[in-house]
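Shown next, in structure tokens, is the structure this report addresses.
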Amino acid sequence: DTAVSQTPKYLVTQMGNDKSIKCEQNLGHDTMYWYKQDSKKFLKIMFSYNNKELIINETVPNRFSPKSPDKAHLNLHINSLELGDSAVYFCASRGGGQSGELFFGEGSRLTVL
Amino acid sequence: AQSVTQLGSHVSVSEGALVLLRCNYSSSVPPYLFWYVQYPNQGLQLLLKYTSAATLVKGINGFEAEFKKSETSFHLTKPSAHMSDAAEYFCAVSDHAGANNLFFGTGTRLTVIP
């Protein structure tokens, strides 16, 4: 079973549309994240949730809205898509204790035309 | 605040040669340091991590890294490169194991020449 799974893996859409990316983790972790990776491979954190509560909300447009229905899921909804939103979006989760590392999904490549 | 700097966005080595990918960190407290690898069209996978135990850390696929506090470095090495090592490598830092955020470097693309 995939530990952190994201759907869809690829998403092509027109400017102005609204789209969602879903993420689920089966690791029993309390903390989940969304990262954006641009065309230069730079990874930037967008949001982090701990047990369904928002704990990190970096400077991203309010067109991006995360939702965590339970601690195993963290979805990302994007309104009014723009060309600059084209990127690969990664979901990740982290366990507690002394582990510290993030477990990443395989990414969702969003292309806005 | 924590940050990492990866020197060299691209590194090319011949198959069988030593791999050395550089990472320097900035942290006001003893850091936790990580190396991740990203193969094409995949997510990031943990190679190894330093969490204040042994300064020489061994990871998967024959990689290792040495924490040097005096140099604020955590360089990644592998004695002999394989073609399968071609990927993007990211160094990351946090201020403790339970930190809410990892700060990633800009990545180094490793090319292995046959």
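When reading the values below, keep in mind they use all heavy atoms of this one structure, side chains included, and skip hydrogens, waters and symmetry mates.
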If you count heavy atoms of other groups shown closer than 6.0 angstrom to NZ of K71(A), is the number above 12?
yes
Heavy-atom distance under 4.5 Å to chain A: side chain of L44(B), backbone, both or neither?
both
Give the minimum heavy-atom separation between R109(A) and N41(B), together with the two atoms involved.
NH2-OD1, 3.8 Å
The test is salt bridge (Lys or Arg N to Asp or Glu O under 4.0 Å); show your working for K49(B) and E101(A) and say whether it passes.
CA-CA 8 Å; K49(B) 62 182 179 182; E101(A) 72 258 32; 2.7 Å; yes
Distance col, row S9(B):OG vs K40(A):NZ, nearest 0.5 angstrom, shows 10.0 Å
Heavy atoms only: give me the nearest L102(B)-Y35(A) pair and the separation to one decimal.
O-OH, 3.5 Å
Atom group of Q38(B) that falls short of 4.5 Å from chain A, counting heavy atoms:
side chain
Neighbour count above 12 (heavy atom, 6.0 Å) for N62(A) CG:
no
Nearest 0.5 angstrom please: F103(B) CZ to K44(A) NZ, how far?
10.0 Å
Does L11(A) share a hydrophobic cluster with W34(A), counting links as ILVMFWY side-chain heavy atoms below 4.5 Å and allowing steps through other members?
yes
Is L48(B) linked to L43(A) within one hydrophobic cluster, defined over Ile, Leu, Val, Met, Phe, Trp and Tyr using a side-chain heavy-atom separation of less than 4.5 Å?
no
Path from Y89(B) to I113(B) over hydrophobic side-chain contacts below 4.5 Å
no
Is there a continuous path of hydrophobic side-chain contacts, each under 4.5 Å between heavy atoms, that joins L102(A) to V4(B)?
no
Region of Q42(B) that comes under 4.5 Å of a non-hydrogen atom in chain A:
backbone
Sort Y36(B) into side chain, backbone, both or neither according to what part of it lies under 4.5 angstrom from a heavy atom of chain A.
side chain
Would you compute the distance between atom CD of Q37(A) and atom CZ of F90(B) and round it to the nearest 0.5 angstrom?
4.5 Å
Any chance NZ of K52(A) has more than 12 other-residue heavy atoms, nucleotides or ligands included, within less than 6.0 Å?
no
In this structure, CZ of F103(A) is separated from CG of L46(B) (nearest 0.5 Å) by 7.5 Å
Cluster overlap M46(A) with L83(A), hydrophobic side-chain contacts below 4.5 Å:
yes
